[in-house]
Amino acid sequence: MLWAKIIFGFSALCLFYIFLGYPILISILSKIFPYKNNFSQIGKDEYALPSVSLLIPAYNEEQIIEDKIRNILDLDYPSEKLEMVIASDGSDDKTNEIVKNYFAKVKLIEYKKREGKTTLLNKTVPKLKNEIIVFSDASAMLNRDAIKKVVSHFQDESIGSVSGKYLVFNIDDTSRTKGEGIYWKYETYIKRCESKYYSILGAHGALYALRKKLFKPLPIDAINDDYILPMYSVEQGFRAVYDSSAISEEFATTSIHGEIKRRIRISVGNFQQLFLLKSLLNPFKGRIAFEFLSHKFLRSFSFVFFISLFYSNLFIIAPVFHYILFLQILFYLSSLLGFLPAKMNCKIKIFTLPFYIFLITFASLLGFYKFLFGEQKTTWEKSDEV
């Protein structure tokens with residue numbers, strides 16, 4: 001049937017562009033048309049370093065918070081220029097008690113009632129005293145020079161936000177964790193290219209920095225704050241860049257159930273971002289509109305093209321399409337079979353990539369449903385551990 005072939009061709013073309021075409025294109029563009037930076041490395045004179053506020057949101061982090069404090073106290077940054085703040089969002093474990101043991105060096109902002117990370121950021125950022133804010137998750141450990149690396153970019157007045165490189169370490173060989181490692185390498189490459197071409201899209205909460213003057217209060221129901229805040233700075237005409245030498249590391253301890261929940265939450269946030277940042281789809285925005293359309297908008301709706309590709313394939317009789325349908329079925333079976341090794345921590349690497357692609361796509365579908373019907377909580381929850 002003609003209509004089936006048209007839908008199949010369009011869906012296949014979109015999926016190719018989303019997952020392969022755009023990465024290839026942005027790689028080429030970043031080499032041919034790199035954005036001209038007004039940037040030079042900060043010199044060795046430490047008096048040139050700006051004053052920075054390091055903000056760590058926390059909720060019931062008693063198992064990791066002391067390691068985090070020791071990590072930030074070991075950072076290679078002048079102590080007189082670094083305000084270290086832990087904001088506790090109604091923690092009812094020993095988090096606050098542990099932080100108070102370091103009161104001479106680390107400031108605790110304690111909120112009695114848990115209201116969610118969005119409200120915590122809206123309340124806390126205005127209280128910070130410095131003009132550059134570095135955000136970091138409690139579970140992420142920073143390299144000693146990480147803050148120096150990210151803040152060095154702010155010598156360029158066109159830069160409003162900087163994201164560091166996120167590494168998942170202590171990864172086992174299950175389909176889930178191996179897939180996550182491959183996914184982050186893939187995303188890291190795209191970020192590097194986007195940063196050279198113009199601007200990255202969002203950041204990772206493990207480590208990113210923002211000019212305080214560009215901070216805009218988040219909507220009360222905002223989910224992916226680490227995406228929205230940097231993109232608010234981009235909306236104001238500034239760039240968000242990526243520094244792969246500024247490194248944060250985190251253990252991969254989430255169970256398969258916890259990973260699915262995390263991915264669905266991220267997906268709900270993705271659709272929320274499309275609404276909040278819709279002005280970036282304006283073609284007159286230039287390079288950022290191209291990136292936002294290709295990397296965020298189309299990627300978020302990739303589940304639509306997967307479904308239409310499979311459905312239209314059912315109505316095409318030509319023999320070659322029978323083989324394509326078989327390959328699609330094989331892909332989905334491999335993805336589902338990958339669920340069991342991931343659940344049991346088995347080492348079956350052949351299922352790694354199809355499983356993680358399916359996981360992200362399935363989460364996008366459920367995320368879209370939850371976004372439409374407002375079923376996602378805005379307060380963060382601990383992911384289930386292995």
Side-chain angles (χ1 to χ4, degrees), residues 1-30 32 179 182-183 186-187 189-190 193-194 197 201 263-264 266-339 351 353-373:
M1 296 183 181
L2 180 59
W3 67 267
K5 289 182 178 180
I6 292 173
I7 293 175
F8 180 91
F10 179 74
S11 301
L13 184 63
C14 288
L15 288 173
F16 173 80
Y17 179 74
I18 291 168
F19 293 104
L20 286 177
Y22 174 68
I24 292 171
L25 182 57
I26 195 68
S27 176
I28 294 171
L29 291 175
S30 68
I32 299 176
I182 293 173
Y183 171 77
Y186 171 77
E187 281 295 315
Y189 178 75
I190 295 175
C193 295
E194 288 176 335
Y197 179 65
L201 303 178
R263 277 284 149 199
I264 293 173
I266 290 173
S267 295
V268 176
N270 286 340
F271 292 108
Q272 184 185 67
Q273 292 151 21
L274 293 178
F275 176 77
L276 291 174
L277 302 166
K278 57 183 179 295
S279 66
L280 296 179
L281 289 170
N282 185 336
F284 291 105
K285 291 284 186 179
R287 296 189 181 196
I288 192 63
F290 160 68
E291 292 180 3
F292 193 66
L293 172 66
S294 301
H295 195 175
K296 178 56 63 174
F297 184 85
L298 292 177
R299 175 85 71 84
S300 297
F301 286 101
S302 61
F303 69 88
V304 174
F305 304 119
F306 275 111
I307 293 171
S308 60
L309 186 77
F310 186 85
Y311 180 75
S312 61
N313 203 164
L314 296 173
F315 295 90
I316 303 175
I317 302 174
V320 67
F321 286 93
H322 294 166
Y323 292 110
I324 296 174
L325 181 60
F326 172 76
L327 290 175
Q328 288 194 71
I329 294 172
L330 184 62
F331 168 77
Y332 290 114
L333 286 176
S334 299
S335 303
L336 293 174
L337 287 173
F339 177 84
F351 298 132
L353 196 55
F355 171 74
Y356 208 71
I357 292 175
F358 177 79
L359 174 62
I360 293 172
T361 306
F362 179 68
S364 294
L365 175 60
L366 291 183
F368 184 61
Y369 171 84
K370 284 179 172 284
F371 170 73
L372 288 178
F373 294 97

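All values reported here derive from a predicted model rather than from experimental measurement.
Ring geometry, H295 versus Y22: the interplanar angle falls from 30° to 60°, so the pair is classed tilted.
Under the side-chain contact (heavy atoms from CB on, under 4.5 Å) criterion, L13 pairs with no residue, sequence neighbours left out.
When all heavy atoms are compared, the tightest approach of S364 to F271 is O-CE1, 3.4 Å. In terms of heavy atoms, I18 sits closest to P23 at O-CD, 3.9 Å. For the pair A4 and S312, the tightest heavy-atom approach, listed with the atom from each and the gap, is O-CB, 3.4 Å.
Proximity of F310 to L325: side-chain heavy atoms (C-beta onward) are separated by under 4.5 Å at one or more points. Considering only heavy atoms from C-beta on, L274 stays 4.5 Å or farther from F371 through its side chain. Inter-residue side-chain proximity for F315 and W3 is flagged as met; some heavy-atom pair is nearer than 4.5 Å.
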For residues 284-292, which side-chain N or O atoms pair as donor and acceptor with protein atoms under 3.5 Å away, sequence neighbours left out?
residue : atom : partner : partner atom : Å
R287    : NH1  : F33     : O            : 2.8
R287    : NH1  : Y197    : O            : 2.7

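Between F358 and F331, the distance separating the two ring centers is not shorter than 6.0 angstrom. Ring centers of F321 and F8: under 6.0 Å apart, within the cut-off.
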Pair C193, Y189 - check side chain to side chain contact (heavy atoms under 4.5 Å, CB included), show working.
CA-CA 6 Å; C193 295; Y189 178 75; 3.7 Å; yes
